[in-house]
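Below is one structure, written out as structure tokens; the observations come after it.
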Amino acid sequence: MSIHNMNRTRRDRGGIFVLSLAVLAGLIAIFASVAATQRTVLRSELNRLEAIKAKTAAYAAVQHALAVLAKQASNGTTTAGTTNQANSTTATTLQDDWAQLGDTGATAYSLNGSSYRLQIIDATSLVNINFATLEQLQRIGLTDEQIDSLLDFREAGTAPRPLGGKDEYYNNLSNPYNAKLATVDVIDELLNIKGFTAKTIYEPQTSTVNTATVTASGQDQPTLYDLSTAYGYSPVTNSQGTAKLNVNAAGATAQALQGRGIDVQSATQIAASKAWTSLGQICARFGNNPTTLRNILDNLTVGGGNRVQGRLNLNTVTENVLNTLPQLTPDVVQGILSRQAQGFTTLSDILQVPGLNTAGSLLNTADLFTVVSQSFVVRAVGTVGNHTFALEATIDVQNGTPKIIRITDAPFSNMIKRWGWPADSTSTTSMTGN
């Protein structure tokens, strides 16, 4: 073979080798790219799985709360019989198991590689935005426009208030709709009402007209989200679980009233009128007899139905919420709070609070309160790895059974801070095998 051919062969072999190296490098690059893509896909799927497990853990917290509330309801006295008889007759207090559960979010409950934290709040410890009065709405910090608009939105009729709005206003929006003319289902529904923004709901109020709900200087006012709810029922029963007697009903005879502990003279006069507008009205007129006054509070009502919304639980209501009531002086507010540790077992225990211990003082206050709740809010956060999922569940207890009314995703990413929980749990309880 000539030298020329030998050199050519060497060049060909060298070119093939270089080409092979290039092909091999390309394959390695492809494999590396595929591996990186697979790692990304795997990481993405893992993140998605952890997010799902975190949500599942939060829902497990709701089930935990349901179990505790069910036990609480079963421990209370229950009444069978007519539909006018409600279930829970034991006072709802902050000493109950539901109130202690989760230690205000400080306890983490571990469950198969995930964990959750939770807190249960009595819905009747909050201002029911659907039944709040004009004066309460002012003290919460709403503007005149927001108040007029809220009242227009939740009440029937077609004529708007001066600063409010009915269908004519909402129909002229870029995305038109009608005023609801009914109660809102969740607090976020306020965003559908003229004048309301997310800032109105979730930031401290600055436009309080009357006494601020937080009286200490330098402290932020609570947000509307902190103070209020759109759902909260209490039963219309006495401490024995018997339905209270509606004084405006045909069955409220003098004899029936005497059977509820009302003296003869008062029973006769109460039975003669079927136009009583409030329990406080009856207290103020017939409450000079202390025994009769207690029985009026514990055994009578002025409306039908076995449940009522808008009452505040004397045992669980907070100072901020009490300060939204213009009928209460600061001394009365402190008197209610100081008795919560002992507990109000019946509505008439309110007579033990200085400033609310006379018939006249109950004229505008007797209809504000209850001592039993049938509605609760469960706050829950599920955690897996770096993923968390927060939610709020509204629970209603009827016939001794707690039921989920609705579950909503929490509006902010860091609800642990928003709810005032410790940043990290201080104790852990294993739920494996429970």
Side-chain angles (χ1 to χ4, degrees), residues 51 53-72 92-111 114-129 185-190 198 201-204 222-233 312-313 315-318 320-321 373-384 387-397 402-429 431:
K53 290 181 68 176
K55 184 174 183 178
T56 301
Y59 274 76
V62 175
Q63 294 301 316
H64 189 169
L66 284 170
V68 172
L69 289 170
K71 183 178 180 181
Q72 182 86 21
T92 305
T93 77
L94 294 175
Q95 287 70 50
D96 296 339
D97 289 345
W98 66 265
Q100 307 299 318
L101 182 65
D103 192 22
T104 317
T107 299
Y109 296 87
S110 63
L111 180 66
S114 62
S115 67
Y116 60 81
R117 297 162 68 181
L118 78 162
Q119 178 185 16
I120 303 179
I121 295 173
D122 176 11
T124 62
S125 70
L126 303 170
V127 176
N128 192 317
I129 200 68
D185 295 321
V186 293
I187 292 299
D188 273 2
E189 197 175 346
L190 295 176
I201 299 173
Y202 295 110
E203 292 188 13
T223 68
L224 186 60
Y225 170 78
D226 296 324
L227 286 172
S228 61
T229 182
Y231 190 95
Y233 282 95
L312 293 172
N313 189 336
N315 291 304
T316 60
V317 66
T318 65
N320 287 338
V321 171
S373 175
Q374 292 178 321
S375 303
F376 301 85
V377 176
V378 179
R379 294 173 172 175
V381 175
T383 302
V384 176
H387 292 270
T388 61
F389 184 88
L391 60 79
E392 286 190 326
T394 301
I395 308 296
D396 197 41
V397 181
K403 297 181 179 179
I404 299 173
I405 301 301
R406 64 181 57 87
I407 293 179
T408 56
D409 295 353
F412 295 96
S413 57
N414 189 359
M415 292 308 298
I416 288 176
K417 180 179 180 180
R418 192 88 190 187
W419 289 333
W421 295 0
D424 298 307
S425 59
T426 57
S427 63
T428 301
T429 298
M431 300 298 291

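Residue indices begin at 1 and follow the sequence shown.
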Minimum heavy-atom separation for [X] and [Y], please, with both atom names.
X: A380; Y: A58; value: CB-O, 3.7 Å
X: T223; Y: P204; value: CG2-N, 3.6 Å
X: I405; Y: Y231; value: CD1-OH, 3.7 Å
X: S125; Y: I121; value: OG-CG2, 3.9 Å
X: A390; Y: W419; value: CB-CH2, 4.2 Å
X: A393; Y: I407; value: CB-CG1, 3.8 Å

Evaluate the side-chain proximity of [Y] to [X]: yes if any heavy-atom separation is below 4.5 Å, no if none is.
X: I395; Y: L69; answer: yes
X: Y109; Y: L101; answer: yes
X: T104; Y: W421; answer: yes
X: V321; Y: L227; answer: yes
X: H64; Y: V68; answer: yes
X: V62; Y: I404; answer: yes

Check: [Y] main-chain N/O paired with [X] side-chain donor or acceptor under 3.5 Å:
X: S375; Y: Y233; result: yes
X: R117; Y: V381; result: no
X: Q100; Y: L94; result: yes
X: R379; Y: M415; result: no
X: D103; Y: A106; result: no

Q) Can you find a side-chain donor-acceptor pair between S427 and T107 that sits under 3.5 Å? A) yes
Q. Any side-chain donor-acceptor pair under 3.5 Å between S373 and D122?
A. yes
Would you give the length of the straight line joining atom [atom1] of [X] to atom [atom2] of [Y], rounded to the nearest 0.5 angstrom?
X: L126; Y: T318; atom1: CG; atom2: OG1; value: 7.0 Å
X: E392; Y: T229; atom1: CD; atom2: OG1; value: 9.0 Å
X: L66; Y: Q63; atom1: CG; atom2: CD; value: 5.0 Å
X: T124; Y: N313; atom1: OG1; atom2: CG; value: 4.0 Å
X: T394; Y: K403; atom1: OG1; atom2: NZ; value: 15.5 Å
X: L224; Y: Y202; atom1: CG; atom2: OH; value: 9.0 Å

(Q) Go through it in stages, so that I can follow the logic: the residues are V377 and I120, the test is side chain to side chain contact (heavy atoms under 4.5 Å, CB included), and I'd like the CA-CA distance, side-chain angles, deciding distance and then a yes or no. (A) CA-CA 6 Å; V377 176; I120 303 179; over 6 Å; no
Q: Decide yes or no on side chain to side chain contact (heavy atoms under 4.5 Å, CB included) for T56 and F389, but give the supporting numbers first.
A: CA-CA 9 Å; T56 301; F389 184 88; over 6 Å; no
**Q.** side-chain hydrogen bond (donor to acceptor under 3.5 Å, both in side chains) between S115 and S110, worked out
**A.** CA-CA 4 Å; S115 67; S110 63; over 6 Å; no
